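The structure appears below as structure tokens.
Every value quoted in this text rests on a predicted model; they were computed, and no experiment measured them. Proteins get letters first, then strands, A, B, ... in listed order; numbering begins at 1 in each.
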Amino acid sequence: MPMQLYNTLTRKKEPLVPQDPSRITFYTCGPTVYDDAHIGNFRSFLAADLLRRWLESPLCELMTESGETHAGPRVVRHIMNITDVGHMTDDDVADGGGEDKMQAATKRLLEQKKAGASHIGEVDPNDPRQIADFYAERFLEDARALGLKVALEANESEAKRRELMPKATESIDGMRGMIEDLASKGFAYRAGDAVYFDVQKYDRYGELSGNTLDKIRSGAGGRVADEHTAEKHSPADFLLWKADASHLMRWPGPVIGGEAVGEGYPGWHIECSVMARAALGDVIDLHSGGEDNIFPHHECERAQSCCATGNDTFARHWFHGRFLQVEGEKMSKSKGNFFTARDLFAQGHEPAAVRLELIKTHYRTNANFTQQGLKDSARTVTRLRKIVEEGETNPGDPTDTGVLEAFGRAMQDDLNIAEAIGVLGAWRHSIEKPTSGDAEIAKQIDRVLGLLGLAQSESTETEIGEYQDGITPDPEIESLLAKRAEARKNKDFATSDAIRDELAGKGYAIKDVAGGKVEVSRK
RNA sequence: GGCCGUGUGCCCGAGUGGACUAAGGGGGCGGAUUGCAAAUCCGCUAUUCGUGGGUUCGAAUCCCACCGCGGCCUCCA
């Protein structure tokens with residue numbers, strides 16, 4: 001059974017049929033780097049990463065255009081852009097008002113700097129390019145820590161990074177070119193300082209999101225402001241270029257109808273059309289993003305790309321992940337349930353646990369990120385690691401060969417990761433003593449899950465303690481551990497238990513491990 | 001208001017018409033082990049699938065209505 005994958009465009013599960021099944025083209029809308037990416041962002045990027053890893057797996061079978069089955073492994077050319085251009089908060093505002101994201105970041109960073117925050121280091125909060133570069137670098141670090149394959153590949157060299165994780169600011173010429181091309185073909189027009197895409201010229205506008213121009217016009221959300229739209233042909237027309245000499249980030253504008261539109265900045269959809277085409281060609285196999293990207297971003301991107309290339313199809317298959325909630329609630333800074341990946345690492349959670357917690361819920365349901373879940377995930381990772389470590393020292397055949405097939409069957413069905421992990425649990429249960437064959441199976445499964453290669457949290461050893469979760473040994477803990485060891489030696493268990501309780505009160509869990517040492521971890 | 005998705009045990013989550021007397025993980029309980037814990041291992045832990053109707057020989061699974069939750073309807077993964 002070839003792999004089935006839900007396609008946002010057709011609103012149903014259907015076989016993924018790439019143009020060339022041995023080499024799949026995949027574009028993912030990446031982060032806007034005006035702040036650290038949060039775990040919701042990463043859930044979406046990790047869903048794309050999991051899909052990519054699955055497609056590359058020898059276990060994955062795809063349908064070809066002629067209806068045959070194509071067995072893996074295969075190559076996935078995966079591109080993830082980095083948006084480092086600020087965008088107007090409101091592109092309807094014709095008079096240059098509104099606030100740019102990078103400008104908003106500047107404001108925030110200035111405030112933080114005043115308040116004494118040091119994490120921004122030498123960055124000049126008044127320079128949007130420095131801000132973007134700073135956060136882009138941090139994004140890449142986090143992405144690598146979480147095992148995002150595209151970020152690992154991009155790390156090989158600056159050339160690779162430009163190729164696989166292009167920045168919008170590196171593609172301004174291409175954007176200008178596509179805007180001019182769209183205008184010359186009659187799909188775009190100039191109105192005052194702006195160039196707009198003429199949605200009425202593209203009759204498939206709305207197919208992806210299920211919107212119609214009618215509904216957009218009468219949108220009860222009340223967000224289609226009309227007083228500024230007089231210059232547009234349709235209220236749904238969207239910005240391709242905005243001339244604005246006051247904008248901090250600005251570039252020479254396109255030439256429309258022989259006249260140069262002034263210096264300014266591109267609209268926020270055009271970059272992906274340009275970068276996807278440059279890296280992957282006119283028609284791509286797969287395109288992913290968060291569910292909020294469906295409209296307007298991907299709808300607009302599709303319109304631009306199809307009109308520019310003259311093809312009916314831009315992306316053959318659209319893949320969108322649902323949002324992440326935290327402890328059952330919408331994630332928000334005011335609720336205090338807003339986490340970046342590095343927040344969690346700093347709390348001592350290992351990247352593999354964070355990764356598993358973020359990928360273990362089916363991408364098309366709202367996931368609930370919880371502290372308990374993070375603990376469960378950490379345990380699952382430890383167990384998987386153990387199978388490999390113990391198995392490698394015990395030569396032998398696999399205990400059960402059916403597990404790969406069952407795991408694969410689950411993944412083939414629209415990336416049913418939860419069932420796949422269920423299969424893994426039952427498999428682990430059936431193993432009494434892991435063999436080298438079992439270790440091989442675990443490793444093959446992990447090439448899809450991407451957990452075992454990630455950095456383990458540092459443990460620091462002292463004479464009596466093994467400190468986990470990045471805990472730094474300090475004299476107070478050390479002396480308590482020493483006292484407890486002494487008490488245990490004298491069989492004074494009342495004292496020894498009291499010390500354990502005291503440490504628990506300070507937030508540390510301890511356990512006695514082989515060799516007479518005590519493992520100290522966070523409670 | 002429109003569109004899209006979703007609602008399964010104490011919790012997270014599989015299952016999408018008959019092998020469901022509903023995976024897997026966590027938690028809890030009991031046992032082995034341990035000075036006691038931790039970890040590990042063994043056993044137990046939903047006659048029931050948001051609510052109410054309907055279709056069917058048969059429904060968690062299909063249909064309708066209602067309720068709850070989430071997303072989009074020109075910043076947003």
Look at the side chain of A/R500 and the base of B/rC36, then say whether one donor and one acceptor between them are separated by less than 3.5 Å.
yes

Within 45° cone of A/F369 ring axis and under 6.0 Å: A/R43 NZ or CZ
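Ring-cation test returns no.
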
[N] and [M]: how far apart are their [atom1] atoms, nearest whole angstrom?
| N | M | atom1 | answer |
| --- | --- | --- | --- |
| B/rG25 | B/rC42 | P | 10 Å |
| B/rA46 | B/rC57 | C1' | 26 Å |
| B/rG28 | B/rG70 | C1' | 31 Å |
| B/rG30 | B/rC72 | P | 47 Å |
| B/rU45 | B/rG54 | P | 34 Å |
| B/rA65 | B/rG71 | C1' | 23 Å |
| B/rU47 | B/rA60 | P | 13 Å |
| B/rG27 | B/rU16 | C1' | 28 Å |

With sugar-phosphate meaning primed atoms plus P, OP1 and OP2, does [X] contact a base, only sugar-phosphate, or nothing at under 4.0 Å between heavy atoms?
| X | result |
| --- | --- |
| A/D497 | base |
| A/R322 | base |
| A/G425 | sugar-phosphate |
| A/S496 | base |
| A/H362 | sugar-phosphate |

From the list [options], which nucleotide is the closest neighbour of the side chain of [X]?
| X | options | answer |
| --- | --- | --- |
| A/A236 | B/rG35, B/rU74, B/rG15 | B/rU74 |
| A/T380 | B/rG25, B/rG70, B/rU74 | B/rG25 |
| A/E419 | B/rU6, B/rC4, B/rG15 | B/rG15 |
| A/D292 | B/rA77, B/rG70, B/rA37 | B/rA77 |
| A/A418 | B/rG35, B/rA77, B/rA14 | B/rA14 |
| A/A426 | B/rA77, B/rG24, B/rC4 | B/rG24 |
| A/D376 | B/rG25, B/rU74, B/rA77 | B/rG25 |
| A/N368 | B/rG13, B/rC36, B/rA77 | B/rG13 |
| A/R364 | B/rA14, B/rU6, B/rG71 | B/rU6 |

Does [X] place a side-chain N or O at less than 4.0 Å from the phosphate oxygens OP1/OP2 of [N]?
| X | N | result |
| --- | --- | --- |
| A/N366 | B/rG70 | no |
| A/K375 | B/rG27 | no |
| A/Y6 | B/rG5 | yes |

Kindly indicate whether the side chain of [X], heavy atoms from C-beta on, has any atom under 4.5 Å from the side chain of [Y].
| X | Y | value |
| --- | --- | --- |
| A/D413 | A/K13 | yes |
| A/L415 | A/L51 | yes |
| A/F493 | A/K491 | yes |
| A/V388 | A/D446 | no |

Salt bridge [X]-[Y], side-chain N to carboxylate O under 4.0 Å:
| X | Y | answer |
| --- | --- | --- |
| A/D142 | A/R138 | no |
| A/E419 | A/R409 | no |
| A/R484 | A/D512 | yes |

d([atom1], [X]; [atom2], [N]) in whole Å:
| X | N | atom1 | atom2 | result |
| --- | --- | --- | --- | --- |
| A/R409 | B/rG15 | CZ | P | 13 Å |
| A/L374 | B/rG13 | CG | C1' | 16 Å |
| A/L324 | B/rG70 | CG | P | 13 Å |
| A/K491 | B/rU34 | NZ | C1' | 12 Å |

Would A/F42 count as stacking on B/rA77 if stacking means ring centres less than 5.5 angstrom apart and planes tilted under 30 degrees?
no

Less than 6.0 Å separating the ring centroids of A/Y196 and A/H233?
no

Considering all heavy atoms of both residues, which atom of A/W54 and which atom of A/Q412 are nearest to each other, and what is their separation?
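Taking A/W54 first and A/Q412 second, the nearest heavy atoms are NE1-OE1, 3.1 Å.
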
How close do A/G465 and A/E478 get, heavy atom to heavy atom, and via which atoms?
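Scanning both residues, the minimum pair turns out to be N-OE2, 4.4 Å.
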
Please enumerate all protein N or O atoms sitting under 3.5 Å from an N or O of nucleotides 39-42 of chain B, with distances to 0.1 Å.
unit_1 : atom_1 : unit_2 : atom_2 : d
B/rU40 : OP2    : A/R379 : NH1    : 3.1
B/rC41 : OP1    : A/R428 : NH1    : 3.1

Nearest-nucleotide wise, let me know which of A/Q325 and A/G289 is further upstream toward the 5' end of RNA chain B.
A/Q325

Taking for each residue the nucleotide of RNA chain B with the nearest heavy atom, is it A/D413 or A/D512 whose nucleotide lies nearer the 5' end?
A/D413

Under a 3.5 Å cutoff on both atom distances, Watson-Crick or G-U, what's the dot-bracket for RNA chain B ([ ] crossing, | other strand)?
((((((((.[[[..)..(.....]]]((((((.......))))))....[[[[[..)....]]]]])))))))....

Within the 3.5 Å criterion, strictly below it, is a donor on A/Q347 or A/D343 matched to an acceptor on the partner's side chain?
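Per modelled atom types, A/Q347 and A/D343 side chains form no pair under 3.5 Å.
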
